[in-house]
There are 2 protein chains.
Amino acid sequence: MGRIEYKNYDRFLLAVDCIIFGFDGTGLKALLVKRGLEPEIGKWSLMGGFAEKDESVDSAAQRILYRLTGLEKIYMEQLHCFGDVGRDPGGRVVSIAYFALIKIDESSTELLNSHNAKWFDLKKLPSLVFDHKAMVKLAKERLQQKVSNHPIGFELLPNKFTLQQLQGLYEAIFETAFDKRNFTRKILSLGILQRLDEKEKESSKKGAFYYIFDKKKYKQLESEGIKLI
Amino acid sequence: MGRIEYKNYDRFLLAVDCIIFGFDGTGLKALLVKRGLEPEIGKWSLMGGFAEKDESVDSAAQRILYRLTGLEKIYMEQLHCFGDVGRDPGGRVVSIAYFALIKIDESSTELLNSHNAKWFDLKKLPSLVFDHKAMVKLAKERLQQKVSNHPIGFELLPNKFTLQQLQGLYEAIFETAFDKRNFTRKILSLGILQRLDEKEKESSKKGAFYYIFDKKKYKQLESEGIKLI
DNA sequence: ATATTAAATGTATATTTTACATTTATTTAT
DNA sequence: ATAAATAAATGTAAAATATACATTTAATAT
């Protein structure tokens, strides 16, 4: 019926590219792959792929993330549509960029290896294909903004973590140091952290308590969008 | 060269839909048009169109806004890519939504009429085609968020405006009343408003001073993203 | 001169943010 | 058993910001 109305308009290849963030305790990291097709084959690139006719763009992003990491039910958010004419010299491709937050130790090492994937510190990125550098830059800005109002930082940490690890994450994301006392007080005042009896003893003799976060209150705050930073 | 690498992937129609906001002194308004093609011809719709091969998606959005309003150099921002499979019963169309802020009296009345366009109060929207209601909802949320940190509200007001008009705009956007004294103090403390000697005398005997905003300081704040609300 | 109307303005209190140094728990060495 | 070493845990005062709330002022119309 209506379908024929549309037939004369231009059609586009639709790519999906994922900025996959991770945190290893030192710096904020992004997962990159060696591009496997021309043009620019062999150069570092975001993980991406083409959307298919019978899937939503969101599903395509999930599929592509899964293909690389083996992970499902991951925090992922649409970032931006990159639609400049010459952005991909290989053709007129419009790309929808997504960013994902994963726990760095939970992704499948074999899968990463088979894709020639590697974690890069955001401050030491190699040169990237096309407009992928701009995508990473925008994703980092959005992550900062998002993490200021939503407690999604926990997506990047192991299930149990110390307050210093949490602070380290925020410091990595914002590239700035926070006062330990003020940070601790503020985070604890949100009431979304639960202290375990267990301690982390690697990095000090006294040991630092592990915390987990209270998923119920977390959900509450997430929907309300409480100010964190 | 590389071009042939891509040839086997699915291609998509790319639509651009614009949420055009305006403010008439009473409520926040959106500009809607009567859809001119099947399916759902004759129903209220956002202004939209198909992207073309030789233009960026951003340019397509500008073109479509211009076609309806006759306006150029308008504040416009990409909102979101809507990519669900069945969102448009007329075909597999992925839509990139943009939102624009215009001064309601500056758009060409003849153009609006020729497109059967009409301003609707956001609180009294008619039913809309496809997923356009969701687009408007998201746009309104983004506008609230954006206006909290960036002084873009001025894009919706005439060049000179009173403090009460400005407050009215913010109250319309947030659907909440602000304390006049506190609002005035906060806005003036930003130092981006410049008071004129001229007064608006329609709505009171005393008259209210007109203000314009200081573009230089505005640019500064815009880039810094200062907290407004 | 008086009444009318909406604009302009100030202050005290509560809350949040910031800056900053000492004490505590545990392990290791003597 | 005691002392030394290490990083964790903790409190408080000052500054800045946000909130709540009522009176005075400028201009016009009578």
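Below, chains carry the letters A, B, ... as their sequence lines are ordered, and counting in each starts from 1.
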For [X] and [N], give me the distance from atom [atom1] to atom [atom2], rounded to whole Å.
| X | N | atom1 | atom2 | answer |
| --- | --- | --- | --- | --- |
| A/F209 | D/dA7 | CZ | P | 18 Å |
| A/F183 | C/dT16 | CZ | P | 18 Å |
| A/R195 | D/dA8 | CZ | P | 14 Å |
| A/K186 | C/dA19 | NZ | C1' | 14 Å |
| B/Y210 | C/dA8 | OH | P | 12 Å |
| B/E200 | C/dA8 | CD | C1' | 15 Å |
| B/E202 | C/dA7 | CD | C1' | 16 Å |
| A/Q167 | D/dA8 | CD | P | 10 Å |

Looking only at the aromatic ring of each residue, does the gap between the centers of B/F161 and B/F154 stay below 6.0 angstrom?
yes

Side-chain donor-acceptor pair under 3.5 Å between A/T26 and A/D24, yes or no?
yes

Step through the shown structure and confirm whether more than 12 heavy atoms of other residues, nucleotides or ligands are within 6.0 Å of NZ on B/K133.
yes

Would you compute the distance between atom CG of B/L112 and atom CG of B/N116 and round it to the nearest 0.5 angstrom?
10.5 Å

side-chain hydrogen bond (donor to acceptor under 3.5 Å, both in side chains) between B/Q167 and B/E171, worked out
CA-CA 6 Å; B/Q167 179 169 350; B/E171 292 182 337; 3.0 Å; yes

ring-ring contact (aromatic ring centres under 6.0 Å, His included) pairs touching residues 97-121 of chain B, sequence neighbours excluded, are B/W44-B/F120

Could you check A/L188 against A/S203 and say which one's nearest nucleotide on DNA chain D is further toward the 5' end?
A/S203

When you check every protein heavy atom under 4.0 Å of nucleotides 21-30 of chain D, what one-letter string (B, S, -) results, 5' to 3'?
BB--BBBB--

For A/T162, which contact category applies under a 4.0 Å heavy-atom criterion: base, sugar-phosphate, or nothing?
nothing

